[in-house]
Undergrad: 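My structure is below; once you've seen it, I'll send some questions.
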Amino acid sequence: PSSMLEVIAMTSEIDTLDLTSRVKDVLQFHNLGQKLFGEAVLGLSQGSVSELLSKPKPWHMLSIKGREPFIKMHLWLSDPQNIDRLKHYQSQIKGRCDSSQCKWCLS
DNA sequence: TAGTCATCGATTCGAA
DNA sequence: TTCGAATCGATGACTA
């Protein structure tokens, strides 16, 4: 296996429907769009993210490559700082981070 | 080398 | 009218 994601893809099993439903909930709750999420977390375009979130294929129907975005989503969901990171990424894309106390900017 | 899969990106749709 | 989400044809990477 060439990447860490491939290792996880072969060893674990993910309920893609449950996973995507939880991701959508979190994103909507914080008003974060598919384009932002795709760029910052998955490395995919908005259209791709839309297809993954609205019609996720069951785990056993996916190739190793196809499982990678879902693994990234799973890792992102378990990251306690996921929202903070995303919002900071968002603020850097457009204007600028307005908080002088921002912990991401300090480092 | 033909068929499948994941992704792209332009376009369309829908809500505010 | 603008922004985020959904659709869908085109395309490159794989694979049998």
Side-chain angles (χ1 to χ4, degrees):
Chain A
S2 59
S3 73
M4 187 58 200
L5 288 179
E6 284 188 20
V7 176
I8 303 177
M10 291 186 296
T11 55
S12 69
E13 188 121 354
I14 290 179
D15 183 343
T16 58
L17 195 62
D18 174 70
L19 172 64
T20 54
S21 136
R22 283 175 15 234
V23 168
K24 280 186 284 185
D25 283 344
V26 174
L27 291 179
Q28 287 190 265
F29 183 83
H30 292 91
N31 300 312
L32 298 166
Q34 295 177 348
K35 183 167 187 285
L36 184 77
F37 181 70
E39 283 180 9
V41 179
L42 303 181
L44 296 174
S45 68
Q46 180 272 321
S48 303
V49 175
S50 173
E51 283 169 349
L52 292 176
L53 291 183
S54 61
K55 2 175 189 175
K57 295 181 183 176
W59 189 254
H60 68 275
M61 299 289 302
L62 292 165
S63 66
I64 297 296
K65 175 92 178 299
R67 289 174 178 178
E68 291 188 349
F70 295 100
I71 296 168
K72 289 179 182 175
M73 288 184 214
H74 182 261
L75 294 175
W76 181 79
L77 269 190
S78 64
D79 177 4
Q81 298 176 320
N82 52 7
I83 298 299
D84 280 344
R85 282 218 189 79
L86 245 201
K87 295 210 166 190
H88 182 252
Y89 177 84
Q90 184 180 40
S91 65
Q92 282 194 325
I93 291 300
K94 10 179 128 175
R96 128 171 311 103
C97 185
D98 50 354
S99 169
S100 57
Q101 299 299 317
C102 178
K103 60 182 173 184
W104 307 111
C105 293
L106 291 179
S107 55

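All values below were derived from every heavy atom in this structure, side-chain atoms included, with hydrogens, water molecules and symmetry-related copies excluded.
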Undergrad: In whole Å, I'd like the distance from the CD atom of Q46(A) to the C1' atom of dT7(C).
TA: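 The distance from CD of Q46(A) to C1' of dT7(C) comes to 10 Å, rounded to the nearest Å.
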Undergrad: Show, in sequence, the C-alpha distance, side-chain angles and deciding distance for L27(A) and L36(A), and conclude whether the side chain to side chain contact (heavy atoms under 4.5 Å, CB included) test is met.
TA: CA-CA 10 Å; L27(A) 291 179; L36(A) 184 77; over 6 Å; no
Undergrad: How would you label the contact of G38(A) with the nucleic acid (heavy atoms, under 4.0 Å): base, sugar-phosphate, or nothing?
TA: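 No contact at all - G38(A) keeps every heavy atom at 4.0 Å or more from the nucleic acid.
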Undergrad: Taking the side chain as every heavy atom from C-beta outward, state whether L53(A) and M73(A) have any pair of such atoms under 4.5 Å apart.
TA: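 The answer is yes, as the side chains (C-beta and beyond) meet within the 4.5 Å cut-off.
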Undergrad: Just to be sure I understand the rule, does L62(A) reach a base, reach only the sugar-phosphate, or reach nothing, if contact means heavy atoms closer than 4.0 Å?
TA: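 It contacts sugar-phosphate atoms only.
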Undergrad: Quick one: does L77(A)'s side chain get under 4.5 Å of V23(A)'s, heavy atoms only?
TA: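 Answer yes - side chains close enough.
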Undergrad: Rounded to the nearest angstrom, tell me the gap between atom CG in L53(A) and atom P in dA5(C).
TA: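 Checked: the CG to P distance equals 9 Å.
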Undergrad: If you look at every strand shown and take non-hydrogen atoms under 4.0 Å, does G66(A) touch a base, only sugar-phosphate, or nothing?
TA: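 Result for G66(A) = sugar-phosphate.
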Undergrad: Closest heavy-atom contact between E6(A) and E68(A)?
TA: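 So the two residues come closest at CG-OE2, 3.8 Å.
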Undergrad: State, to 0.1 Å, how close Q34(A) and S50(A) come at their nearest heavy-atom pair, and which atoms those are.
TA: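 Of all heavy-atom pairs spanning Q34(A) and S50(A), the closest is OE1-CB, 3.2 Å.
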Undergrad: What distance do Y89(A) atom OH and L32(A) atom CG have between them, rounded to the nearest 0.5 Å?
TA: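 Reported value, rounded in 0.5 Å steps: 12.5 Å.
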Undergrad: Would you classify S63(A) as touching base, sugar-phosphate or nothing, given that sugar-phosphate means primed atoms plus P, OP1 and OP2, and contacts are heavy atoms under 4.0 Å?
TA: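 The residue S63(A) makes sugar-phosphate contact but no base contact.
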Undergrad: Can you pull the contact range of chain A along DNA chain B, 5' to 3', using atoms under 4.0 angstrom from its heavy atoms?
TA: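 Contact span on the strand: dC5(B) to dG9(B).
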Undergrad: Under the 3.5 Å rule, do the base of dA6(C) and the side chain of E51(A) count as making a donor-acceptor pair?
TA: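 By the distance-only test, no, there is no pair.
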Undergrad: Below 4.5 Å, heavy atoms only, C-beta onward: do I83(A) and F29(A) meet side chain to side chain?
TA: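 A side-chain contact is absent here, since even the closest heavy-atom pair is not under 4.5 Å.
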Undergrad: Under 4.0 Å: is that the gap between some side-chain N or O of Q34(A) and OP1 or OP2 of dA6(C)?
TA: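 Checking dA6(C) against Q34(A), a side-chain N or O does come within under 4.0 Å of OP1 or OP2.
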Undergrad: Do H74(A) and I8(A) touch side chain to side chain, with heavy atoms closer than 4.5 Å?
TA: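 Result no, sub-4.5 Å side-chain heavy-atom pair not found.
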Undergrad: For K55(A), which contact category applies under a 4.0 Å heavy-atom criterion: base, sugar-phosphate, or nothing?
TA: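 Contact class for K55(A): sugar-phosphate only.
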Undergrad: Just so I know, are the side chains of R85(A) and W76(A) near enough to count as touching, which here means a heavy-atom distance under 4.5 Å?
TA: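 With C-beta onward as the side chain, the pair stays apart.
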Undergrad: Does dA5(C) have OP1 or OP2 under 4.0 Å away from a side-chain N or O of S50(A)?
TA: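 Checking dA5(C) against S50(A), no side-chain N or O comes under 4.0 Å of OP1 or OP2.
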Undergrad: Of all the heavy-atom pairs spanning P56(A) and F70(A), show the shortest one and how long it is.
TA: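 Minimum heavy-atom separation between P56(A) and F70(A): CB-CE2, 3.9 Å.
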Undergrad: I need the CD-P distance between Q28(A) and dA5(C), as an integer number of Å.
TA: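 Going from CD in Q28(A) over to P in dA5(C) covers 7 Å.
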Undergrad: Counting distance only, does the side-chain N/O of W59(A) pair as donor-acceptor with the main-chain N or O of S12(A) below 3.5 Å?
TA: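 Yes, because the side chain of W59(A) sits within donor-acceptor range (under 3.5 Å) of the backbone of S12(A).
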Undergrad: Taking atom C1' of dA5(C) as reference, at what distance in whole Å does atom NZ of K35(A) sit?
TA: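 Value for this atom pair: 13 Å.
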Undergrad: With the criterion being N/O to N/O and under 3.5 Å, what pairs connect the protein with nucleotides 11-16 of chain C, and how long is each?
TA:
none

Undergrad: Find the bend of the helix from dT1(B)-dA16(C) to dA16(B)-dT1(C) as the angle between its two terminal axes (five pairs each), to the nearest 10°.
TA: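 Taking the rotation axis at each end, their angle is 10°.
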Undergrad: Determine whether N82(A) and V41(A) make a side-chain contact, defined as any pair of heavy atoms from C-beta on separated by less than 4.5 Å.
TA: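 Heavy-atom side-chain distance check fails, nothing below 4.5 Å.
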